[in-house]
Every structure is written in structure tokens, then in C-alpha cells.
Engineer: 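Before anything else, here's the structure in question.
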Amino acid sequence: MYDYEDEEDDMFGSPKPTKGEATIDFKSELNADQFRAVTAPFGPALVLAGAGSGKTRTLTYRVAYLLTEGVSPEEILLLTFTNKASKQMLDRVEELTGIGAHRFLGGTFHHVGGQVLRLFGDSIGLPRNFTILDDGDSDALLSEVIRDLDPDFFKSKENPKAKPIKGMISYARNVMVSVEEVAKGRYPSNTELLAKIDAFMREYQETKISRGLADYDDLLVLWLKVLESNQEAAKYYQERFSHVLVDEYQDVNSLQSKIVDKIAANHQIMAVGDDAQCIYTWRGADIDQILGFPERHPGAKIFKIETNYRSSPEILKFANGILENRKTDENFTKTLKPSQPHQGLPTVVPTVDAYQQANFILSKVEQLVDNGTSYHNIAILYRAHYHAMELQVELSRRDIPFVITSGLRFFEQAHVKDLVAQLRFVVNPKDLTAFLRFACLLPKIGEKTAVKLLSMAEKISSEKSIKVVTALSDPNILKKVPVNAKEDWVGLVETLQSIELLTGTATPSKVVDEAVNGWYHEYLHATYENWPRREEDLESLIDFASKYDNLAEMLTQLILLSSESGDRVVRPGESCLRLSTIHQSKGLEFPHVFIIGLADGLFPNRRAIDGEGDLEEERRLFYVASTRAEKSLHLVFPMLSSQNGTQIRMMQSRFLKELPQSGYELYNVHAQQSTFGNPSNYGKGKWSQYGGKQGRGGSGYRRSF
């Protein structure tokens, strides 16, 4: 737990600046679109700022303009999604006007919510000296509550653990729906579980209040409760803030929007955002809030900022084409206008498969570097982490420095290492490290107990002349397994034995498939809120395994790659290639951008195509990815994908099909004089050595076409 930092608000006693005191020439420092928005009359306004159009600059100068118009800094509320964004804006305002950043109330929604609760939380039963729970503490408290209400709940492997339950509670509170409704979407057939989760949530909330605790979501939920139940507090904030400014408005959820509307009840609000960059609906962002802004704030003026200062005219024409194919209100349509010099057309590159995709990208990267481009000026973007697996393999083999904005490298992820540990142990039952990794995932099993159980299995194996994996199911061992872990132990051992049965007779991809869909499948669902993404990662290992002739060979290569990537330390000042999911790249820009996996089923993903996801959000993701590029944009997709060892034909992304061919150049990999050779060689392949023993598909080899 940690105490919320109680910062003084300095809300009284500071003199207002005299109107016209600052000497900022707004007209010369802003373009025409920005100037209109910055100097907008007081009243509700929505600023639609296209990608790379200077949104932050516009918001910063709006604050400065308000000050020159005689508005006191204490009358301005600035809400952002990161403390960094707030600090940058207010520091810049201080540079422009000389008025200290400390005089404004600004920061993230949660930061401001915390300050409100320090003043008025006691009116809803929360003491002013409340303590905020960090993520781990809130997990522990929810676990405690669940065990108190249902001591046997976590003993059933059918039930999720505390973390995914907390994730459902959090999502429900932020989008303002019942937790039962959220749980129903994830566990539709388990009606008993749905009722229990609702009871867990209510008890969890009551326990926090009674102990003077608040979690991260409470900073918003209880803030709104204060505004709705305490008229004095609501009136105080509505009258105190004559101007409410909200950044990244396309990312607000229902709860945040309701808070803003309550404070800005007099319609004293300017919201800045871009509906075309709303890409976080999966975590609660609600695009209807920005689209419905004019309706909720009658008389709102809409300003569009369309001059782009980032990308070439060719890239902007391509990006505008993406938006032309979406359905939206005419008031929200934007056309990005160029200010940068001409460059080449974006390039669309079909490759045979993900391995050729990786080879092509790295050949282009090498060309760029040879021509003087630094690695850090190049980004490779993807829809999902596993799409870059083959690329990470090649980068590690070639010792090219790279960093991943979206988190750990593929083979370093916990769920990947958990699964690989099971395969390692079956191949080598003396691999104690591998055994400890997965055995200690079971409840009440620590290293001591795990070592004891394996020692017993080794003894039984020797006495009965049976394999160690077979011995793990011996009744004498089961007696020593902690009660809470018995059900999991049986499922785990059955999976290990199934893997062993297949090893040596089935293909590596079938062996990996057995592991992915065995005991760990249930563990994944019960443990992680984001299990669908993790499951996709593991399923991609099935494809990875199909490139090898036996499991031991595959594991050798995989462990080498994991070790190489794990040991690789980026030196201070070293230039590194940037790999990132598109979500993590938002707000960033790079001279050269590669977007990979642009095939239907990958991007847009299968769920969106099948109607389970949001196809329009996938389109917006494509727009966001394309507008990260400044000078060159390569769009690459594999024509074949291996699923369970079978080659499946992939079609180029429907988003590419919608665009006129005049907007891009089609690059024929096969026609180039490179290592790829003639396309008719596909299936035969040319194997080039990286090191190690010579052999088809073996460790230390890659296939090029």
C-alpha cells in the first residue's frame, strides 16, 4: 500500500494576470486552424486534431490564451491521460506566460480524483486520510474477501483466480455496467459463478470503505459519487472551474465522460481529441463519448486541425484513403494536409511467409543503415505481439540491437516460458529448473515441495523401471501433493504423459499443440485477464515448431534464442531498432516504419472479421500505424501461414484492398536479385548456414526463398 501524495492546491490569494499582459503573438505562432481553436469564444468546443497536427501545442496555447484573457490559473482544470503530458503542457505554459505550473489543477483523471476525495471523500464514508492500494495489494484483498465468503472457491479449477475477477470488476465499473454482464461475456454458461462474482464485488467494496482504503478505480468511481451525492462539492467545482480542458478525449470511458460532464455542467469545456485514433475500446474507451459531445453540450463549436507536420504527402494521401472507407458523421470527417516535402510512395510487399517477411524487412533495414539511417529511426509495428516472433528470431541471430516498446521479447514472456518448461522436462526429466517452473504454479507447491515430489518420482522410476513422467502419477506421490493442488496435479501430469507419448512419433507441432491445449490451457484462463492474447502467443509456437523435424532440435533453438535475447543488454547511447504493437506506438513517430502481418485474420484480426470484435477499430488502428511514419512506409504481409503444421493461404488485408493502387507501389520480392531467389523454389528452399551442424531446418539455420 502507499499513501496518496497530498499536494496543496494553492487555490486562493494569487493575483489574476491583467488582460493582454503577455506578449504572445498567437497568430504568428500558430497555423490558421490552430489559431481558430486557441482563440475560440468561451463556451463548449470540440477540437478534432488529426494525427501529427500539433494537438499538444494547440492545448498549451489555449491555456496561455485564457490567461491573457484574464482567466485565473485557479479557474482552469486540465485533465490528461498521463502525468507527463500534463507536466509538459503546464511547463510550456509557464515558459510562455511566466505563470507557475503549480497554480493550476492539472494531471490525470486519477490524480485529480484523488485530490477531490481528500477534500470531500468523508461525505461518502471515505476518511480523508485514506490509503490507496497498489495493484498487488488490491489483488490480495480481493483474494481475502473471496476466501472469507467462499473458502472452497479457489480449490476448483473451473473458477478464475483473483486477478481476472478484479479485471472484470474494474472494467464493469469504468464502463458503468454490472459486473454480472461483463462476467457473462466471459463465462456464459457458468450462472453460479456470475452470481458469486457480483457478491464478491459488493463485499470487496464494503471492505475497502470500512478499512479506509481505495483502489485505482475508486479514485474515479468515488469522485463521481461525490459529485452526484454532495451538492456542495458539485457546486464548488462547477463554479471554481470556468474552463475545463480535456486532452485525448477520444480515449475517455463512460465514467470519465460522466465526471467531466458533471463538472462542466455549465458547458465551460473544451475537449481535444481525434475520433479516428480511438483504439482503446477493449479497455473501456467509448468512441460514442466524443461523437456525442455536441449533443451533450448544445451549441458546441467544432474545430478541425488538419495540417500534418509529420508525414510526407504520399503517406498522408494513403492515410486519408484509410479514413475515406469508414462511416462517420460529416462533422467528424478530416483530411490531413501535408507540410513536409515529397518522398516515395508507401510500399506494399507480399511475402511467401512470416520468415520471408522477416528476411525482407531486415534486408531493407540494412539498406537504410548502410545509407546513413540510425536504427532508432526505424520502427516495426504489428497488431499482436506474436506476429513479430519470426522477426525477433532473425534479429537475435543477426545480433541486431532492438528494443520492444510493447514489453518483453517474445520468448521471455512468462506464459511462453511456462509452456516451454513442460516440453523441456518431458525431453529431459533431469531438468529440475524446468520442473520447478511449472510445478510451482500449482497452489501450495513451493520449491521444497516440488523438489521432494520429483525426488520421489525419480526413486519410483528407478525401482519400477518406468519413466519419471509416468512415475509422477503414482498414488504414493499423489498422497504427498497438497490438497489444494491435487486436481491441478492430475491434469498437469496427464498432459506431461500425453506429450511424452507423442514425442518421437508425432511432429513437433502436434506435440506443442498437445501442450498448448492441455492443463496449461485451463491454468491460463483461470489466471490471466488477458488470456486470449496469451493463448494466441502459445498457438503461434505450434507454427514455430512446424519448421523443425524433432522436438529436441526445436527446443535447442528456442532456448538459444531466449538466452541470446535475454542476455543482450542495450548499452547507453546505443541505437536500437524499435519493435512495438500499434497500441503502444500511439503518440510516437519515426522516419521509417514497417507494418507487418497485414493479412486478413492477422490485421484485421479474426475476431473482428467474424463479428466478435470491432472492425472499425481495426481500421482506426491501421490509420494510427500508418501515420507514425515520416518518410517511408512499408506494408508487409505473408501469403502463407502454418496452422497446426498445415499451410494456409492468406489474403492481403481488406484495408489494403480498399485503397486505390495509385496510392502505393507494389514490391515484388521474388523479382529482386536477393537471397529470396525464384518463387518457384518455394517448398524446396535454400538453406543458408548460421552456424552449428548442417541439416535441414536445424538449429542455427534459416530458410530463404
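For clarity, every value in this text was computed on a predicted model and none was experimentally measured.
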Engineer: Side chains of Asp488 and Tyr523, heavy atoms from C-beta outward: is any pair under 4.5 Å?
Structural biologist: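 The answer is no; the side chains never approach within 4.5 Å.
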
Engineer: What distance separates Arg620 CZ from Leu615 CG, expressed to the nearest 0.5 Å?
Structural biologist: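 Interatomic distance, Arg620 CZ to Leu615 CG, rounded to 0.5 Å: 10.0 Å.
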
Engineer: Please, which pairs that meet salt bridge (Lys or Arg N to Asp or Glu O under 4.0 Å) have at least one residue in residues 38-56, sequence neighbours excluded?
Structural biologist: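 Salt bridge (Lys or Arg N to Asp or Glu O under 4.0 Å) check on residues 38-56 returns Lys55-Asp247, Lys55-Glu248.
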
Engineer: Salt bridge between Asp135 and Lys166, side-chain N to carboxylate O under 4.0 Å?
Structural biologist: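 Yes.
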
Engineer: Side chain of Ser86, backbone of Gly107: donor and acceptor closer than 3.5 Å?
Structural biologist: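 Side chain of Ser86 to backbone of Gly107, a donor-acceptor pair under 3.5 Å: yes, one is there.
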
Engineer: What are the two closest heavy atoms between Phe42 and Leu66, and how far apart are they?
Structural biologist: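 Residues Phe42 and Leu66, closest heavy atoms: CE2-CD2, 3.5 Å.
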
Engineer: Rounded to the nearest 0.5 Å, how far does CG of Asp150 lie from NZ of Lys155?
Structural biologist: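 Nearest 0.5 Å value for the NZ-CG distance: 9.5 Å.
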
Engineer: To the nearest 0.5 angstrom, please state how far the CD1 atom of Ile269 sits from the CG atom of Asp261.
Structural biologist: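 Reported value, rounded in 0.5 Å steps: 6.0 Å.
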
Engineer: State, without any angle test, whether Arg310 and Thr627 hold a side-chain donor-acceptor pair at a distance under 3.5 Å.
Structural biologist: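 Note: Arg310 and Thr627 side chains miss the donor-acceptor criterion.
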
Engineer: Does the side chain of Gln256 reach to within under 4.5 Å of the side chain of Val260, using non-hydrogen atoms?
Structural biologist: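 Side chain of Gln256 against side chain of Val260, heavy atoms only: no contact under 4.5 Å found.
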
Engineer: Without swapping roles, check the side chain of Ser585 against the backbone of Ile582 for a donor-acceptor pair under 3.5 Å.
Structural biologist: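 Such a contact is found between Ser585 side chain and Ile582 backbone.
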
Engineer: Is it true that the side chains of Glu180 and Ser178 contain a donor and an acceptor less than 3.5 Å apart?
Structural biologist: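 No pair is found: no donor N or O on one side chain lies under 3.5 Å from an acceptor on the other.
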
Engineer: Could you check if a side-chain atom of Tyr204 sits within less than 4.5 angstrom of a side-chain atom of Ser138, using non-hydrogen atoms only?
Structural biologist: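 In contact.
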
Engineer: Closest heavy-atom contact between Ala37 and Arg62?
Structural biologist: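 Smallest heavy-atom distance, with atoms named: O-NH1, 3.9 Å.
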
Engineer: Hey, are Arg606 and Glu539 close enough for a salt bridge, meaning a charged N less than 4.0 Å from a carboxylate O?
Structural biologist: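 Between Glu539 and Arg606 there is no salt bridge, as every charged N stays at least 4.0 Å from the carboxylate O atoms.
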
Engineer: Less than 4.5 Å apart, side chain to side chain, heavy atoms only: is that true for Pro164 and Arg186?
Structural biologist: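 Pro164 does not reach Arg186 side chain to side chain.
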
Engineer: Please confirm whether the backbone N or O of Asp137 pairs with a side-chain atom of Asp134, one donor and one acceptor, at under 3.5 Å?
Structural biologist: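 Yes, the answer is positive, given that a donor and an acceptor are paired below the 3.5 Å cut-off.
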
Engineer: Heavy-atom count around Lys262 NZ within 6.0 Å, excluding the residue itself: above 12?
Structural biologist: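 Correct, the count exceeds 12.
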
Engineer: Are any side-chain N or O atoms of Asn159 and backbone N or O atoms of Phe153, one a donor and one an acceptor, separated by less than 3.5 Å?
Structural biologist: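 Checking the backbone N and O of Phe153 against the side chain of Asn159, a donor-acceptor pair under 3.5 Å is found.
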
Engineer: Over all heavy atoms of both residues, which pair between Gln34 and Ser53 is shortest? Give the atoms and the distance, please.
Structural biologist: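 That closest heavy-atom pairing would be NE2-O, 3.1 Å.
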
Engineer: Taking the side chain as every heavy atom from C-beta outward, state whether Phe622 and Pro604 have any atom pair closer than 4.5 Å.
Structural biologist: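 Heavy-atom side-chain distance check fails, nothing below 4.5 Å.
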
Engineer: Assess the side chains of His525 and Glu535: does a donor N or O sit below 3.5 Å from an acceptor N or O?
Structural biologist: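 There is such a pair between these side chains.
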
Engineer: Once you round to the nearest 0.5 Å, how far does CZ of Phe655 lie from CG of Asn325?
Structural biologist: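 The CZ atom of Phe655 sits 9.5 Å away from the CG atom of Asn325.
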
Engineer: Mind running side-chain contact (heavy atoms from CB on, under 4.5 Å) on Ile124 and Ile209 for me, showing each step along the way?
Structural biologist: CA-CA 9 Å; Ile124 57 167; Ile209 291 290; 6.0 Å; no

Engineer: Could you tell me which non-hydrogen atom of Ala45 sits nearest to which non-hydrogen atom of Phe303, and how far apart they are?
Structural biologist: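 Looking at all heavy atoms of both residues, the shortest contact is CB-CE1, 4.0 Å.
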
Engineer: I want to check something: taking the side chain as every heavy atom from C-beta on, are Val182 and Ile197 in contact at a cut-off of under 4.5 Å?
Structural biologist: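 Answer no - side chains too far apart.
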
Engineer: Between Arg533 and Glu536, does any NZ, NE, NH1 or NH2 come within less than 4.0 Å of an OD or OE carboxylate oxygen?
Structural biologist: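 Here Glu536 does not pair with Arg533 in a salt bridge, since their nearest N and O are not under 4.0 Å apart.
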
Engineer: So, taking the atom named OG1 in Thr527 and the one named NZ in Lys163, what distance separates them when rounded to the nearest 0.5 Å?
Structural biologist: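 It comes to 11.0 Å.
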
Engineer: Are side-chain heavy atoms of Tyr187 and Met168 found at a separation under 4.5 Å?
Structural biologist: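 Yes, close enough: below the 4.5 Å cut-off.
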
Engineer: Among pairs that include at least one residue of residues 251-260, which meet salt bridge (Lys or Arg N to Asp or Glu O under 4.0 Å), considering only residues two or more places apart or in two chains?
Structural biologist: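 Salt bridge (Lys or Arg N to Asp or Glu O under 4.0 Å) check on residues 251-260 returns Asp251-Lys586.
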
Engineer: Under a plain distance cut-off of 3.5 Å, with no hydrogens placed, do Gln238 and Lys235 share a side-chain donor-acceptor pair?
Structural biologist: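 Note: Lys235 and Gln238 side chains miss the donor-acceptor criterion.
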
Engineer: Quick check: does any side chain N or O of Arg118 sit under 3.5 Å from a backbone N or O of Arg128, one acting as donor and the other as acceptor?
Structural biologist: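 Yes, because the side chain of Arg118 sits within donor-acceptor range (under 3.5 Å) of the backbone of Arg128.
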
Engineer: Per the salt bridge (Lys or Arg N to Asp or Glu O under 4.0 Å) rule, what does the pair list look like for residues 272-283, sequence neighbours excluded?
Structural biologist: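 Residue pairs passing salt bridge (Lys or Arg N to Asp or Glu O under 4.0 Å), neighbours aside: Asp274-Lys334, Asp275-Arg326, Asp275-Lys334.
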
Engineer: Would you call the rings of Phe120 and Tyr237 parallel, tilted or perpendicular if under 30° counts as parallel and over 60° as perpendicular?
Structural biologist: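 Answer is perpendicular, since the angle exceeds 60°.
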
Engineer: Does any N or O in the side chain of Arg92 come within less than 3.5 Å of the main-chain N or O of Tyr61, such that one atom is a donor and the other an acceptor?
Structural biologist: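 Pair absent, no side-chain N/O of Arg92 close to backbone of Tyr61.
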
Engineer: Could you please spell out the steps behind the side-chain contact (heavy atoms from CB on, under 4.5 Å) verdict for Asp218 and Phe130?
Structural biologist: CA-CA 11 Å; Asp218 287 325; Phe130 68 91; over 6 Å; no

Engineer: I'd like to know if the side chain of Asn266 and the backbone of Gln268 have a donor-acceptor N/O pair within less than 3.5 Å.
Structural biologist: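 No, because the side chain of Asn266 does not come within donor-acceptor range (under 3.5 Å) of the backbone of Gln268.
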
Engineer: Would you find a donor on one side and an acceptor on the other, under 3.5 Å apart, between the side chain of Glu74 and the backbone of Ser72?
Structural biologist: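 No; zero donor-acceptor contacts below 3.5 Å.
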
Engineer: Under 3.5 Å, is there a donor on one side chain and an acceptor on the other for His415 and Asp537?
Structural biologist: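 Yes, Asp537 and His415 have a side-chain donor paired with an acceptor closer than 3.5 Å.
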
Engineer: Looking at every heavy atom in both Ile322 and Arg619, which two are closest together, and how far apart are they?
Structural biologist: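 Here Ile322 and Arg619 meet closest at O-CD, 3.5 Å.
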
Engineer: Is there a donor-acceptor pair under 3.5 Å between the side chain of His583 and the backbone N or O of Ile279?
Structural biologist: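 A pair under 3.5 Å: yes.
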
Engineer: Judged by atom type as modelled, is there a donor-acceptor pair below 3.5 Å linking the side chain of Asn320 to the main-chain atoms of Leu336?
Structural biologist: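 Checking the backbone N and O of Leu336 against the side chain of Asn320, a donor-acceptor pair under 3.5 Å is found.
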
Engineer: Can you list the steps and then say if Phe81 with Val252 is a side-chain contact (heavy atoms from CB on, under 4.5 Å)?
Structural biologist: CA-CA 9 Å; Phe81 276 84; Val252 298; 3.9 Å; yes

Engineer: Check Arg173 with Asp215, please: is the shortest side-chain N to carboxylate O separation under 4.0 Å?
Structural biologist: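 Counted as a salt bridge, because a side-chain N and a carboxylate O are separated by less than 4.0 Å.
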
Engineer: Can you tell me how far the CZ atom of Phe154 sits from the CG atom of Asn484, to the nearest 0.5 Å?
Structural biologist: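 Between atom CZ of Phe154 and atom CG of Asn484 there are 11.0 Å.
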
Engineer: Do Ile609 and Arg654 come close enough that some side-chain heavy atom pair is under 4.5 Å?
Structural biologist: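 They are in contact (side-chain heavy atoms under 4.5 Å apart), so the answer is yes.
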
Engineer: Give me the atom names and distance for the closest heavy-atom approach of Ala276 to Tyr623.
Structural biologist: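 That would be O-CD2, 3.5 Å.
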
Engineer: In sequence, state the C-alpha distance, the side-chain angles, and the governing distance for Leu579 and Tyr382, and then conclude on side-chain contact (heavy atoms from CB on, under 4.5 Å).
Structural biologist: CA-CA 8 Å; Leu579 271 64; Tyr382 36 84; 3.7 Å; yes

